[in-house]
Amino acid sequence: GSDKNEVVVSGGTPDYAAATASLTGSNKLLSWRFGGGYQRVERWSSVLPDGEALDSGLIVPFTEDQETSMRVLRANGRVDIPFLEKGLVSVSGGYAGGMTEFYTIGALGDYGFDFQTGDVRLDIGFEPIHFRVFSNMLSGEAGPWLQYQGETSLRTDLSSNVTDAELEYLKAFKTGSVQHHLNLGASYRYKNIAWDYLAGNGDPIEEHHFAAFIQEDARAGKFGMVGSLRMDRHPLVPLTETLSPRGAVIYRAFPRTSFRLSGGTSFRSPTFQIGRAHV
């Protein structure tokens, strides 16, 4: 097998520091890759030149550490395990947590975000079938970097969890002189979000999404045809309005020149309803 290990440390001004480490290797049974890192950045300048306003209690800071703009700890990993020559199992995941400062759109100004986020994914492939499932999570608290004591608070808690699973079938075959590539699939997605800024003032919102699709790619000589149909089951949209047919005809006139005629429609899932928070 082969191994590759690496550690990188960097620094700069204003008080910038970062470190990353990675480990990669393989043997006859599996291969792996792991990594992690930490990053810290101080602010270019302080919003308050002295601490009197904070000490007086007139201003409420997002964090008592007014010198730091960002500090984030990250970790990730992946392990691949082949089996039976044509099969592969892959498990991967990651985590990031810390605090970061960011600027919002409009007059809201400087915000802080204290967060944790993570993901995990499983892939199982055995020709001609592929199964994938992943889950993402995000939670934290956000709010103005500084606000006056007694004013309407714009601080908000949020939590988001998404789990997605997909099963796909890929098959190549011939009928006479026509070469076919058939793709069949079905998927399911679960969404759960709780956020004060959404309608419902922080009450959890759940959605269940289902989808199925088929695509056929047929080629014979200089001609090719591609056709596909996708159907989504959205909890807020009628099924008849989510059908997404597509088709194309391709003619290869010369080795480097082709003509293509295509058409279709597509469905895009609407976002959650936005409301007013703490107002």
Go through Glu206 and Lys191 one step at a time and tell me if the salt bridge (charged side-chain N to carboxylate O under 4.0 Å, His left out) criterion holds.
CA-CA 6 Å; Glu206 290 188 345; Lys191 297 181 179 180; over 6 Å; no

Only residue of His209, His208, Glu166 satisfying side-chain hydrogen bond (donor to acceptor under 3.5 Å, both in side chains) with Tyr188 is His208

Among Lys171, Glu216, Gln215, Glu168, side-chain hydrogen bond (donor to acceptor under 3.5 Å, both in side chains) partner for Asn183:
Glu168

Taking side chain as C-beta onward, heavy atoms only, is [X] less than 4.5 Å from [Y]?
X: Arg230; Y: Asp232; result: yes
X: Ser135; Y: Tyr190; result: no
X: Thr265; Y: Leu243; result: no

Nearest heavy atoms of [X] and [Y], plus distance in Å:
X: Phe62; Y: Asp114; result: CZ-N, 3.7 Å
X: Gln66; Y: Leu146; result: OE1-CD2, 3.8 Å
X: Asp65; Y: Arg71; result: OD2-NH1, 3.9 Å
X: Asn192; Y: Pro204; result: OD1-CB, 4.4 Å
X: Leu29; Y: Pro82; result: O-CD, 3.5 Å
X: Ser266; Y: Arg246; result: CB-NH2, 3.3 Å

How about [X]: does its [atom1] atom have over 12 heavy atoms from other parts shown lying under 6.0 Å from it?
X: Phe131; atom1: CZ; result: yes
X: Glu141; atom1: CD; result: yes
X: Arg132; atom1: CZ; result: yes
X: Arg40; atom1: CZ; result: yes
X: Glu85; atom1: CD; result: no

Same cluster or not: are Ile124 and Phe134 linked, directly or through other Ile, Leu, Val, Met, Phe, Trp or Tyr residues, by side-chain heavy atoms under 4.5 angstrom apart?
no

Parallel, tilted or perpendicular: ring planes of Phe113 versus Phe102, cut at 30 and 60 degrees:
perpendicular

Any side-chain donor-acceptor pair under 3.5 Å between [X] and [Y]?
X: Glu42; Y: Thr68; value: no
X: Trp32; Y: Thr24; value: no
X: Arg78; Y: Ser90; value: yes

Apply salt bridge (charged side-chain N to carboxylate O under 4.0 Å, His left out) to Arg121 and Asp119, showing your working.
CA-CA 7 Å; Arg121 173 169 172 162; Asp119 65 271; over 6 Å; no

When rounded to the nearest 0.5 angstrom, what is the spacing between OG in Ser92 and CG in Asp123?
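It comes to 6.5 Å.
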
Using ring pair (Phe, Tyr, Trp, His ring centres under 6.0 Å) as the criterion, list what pairs up with His181, not counting sequence neighbours.
none

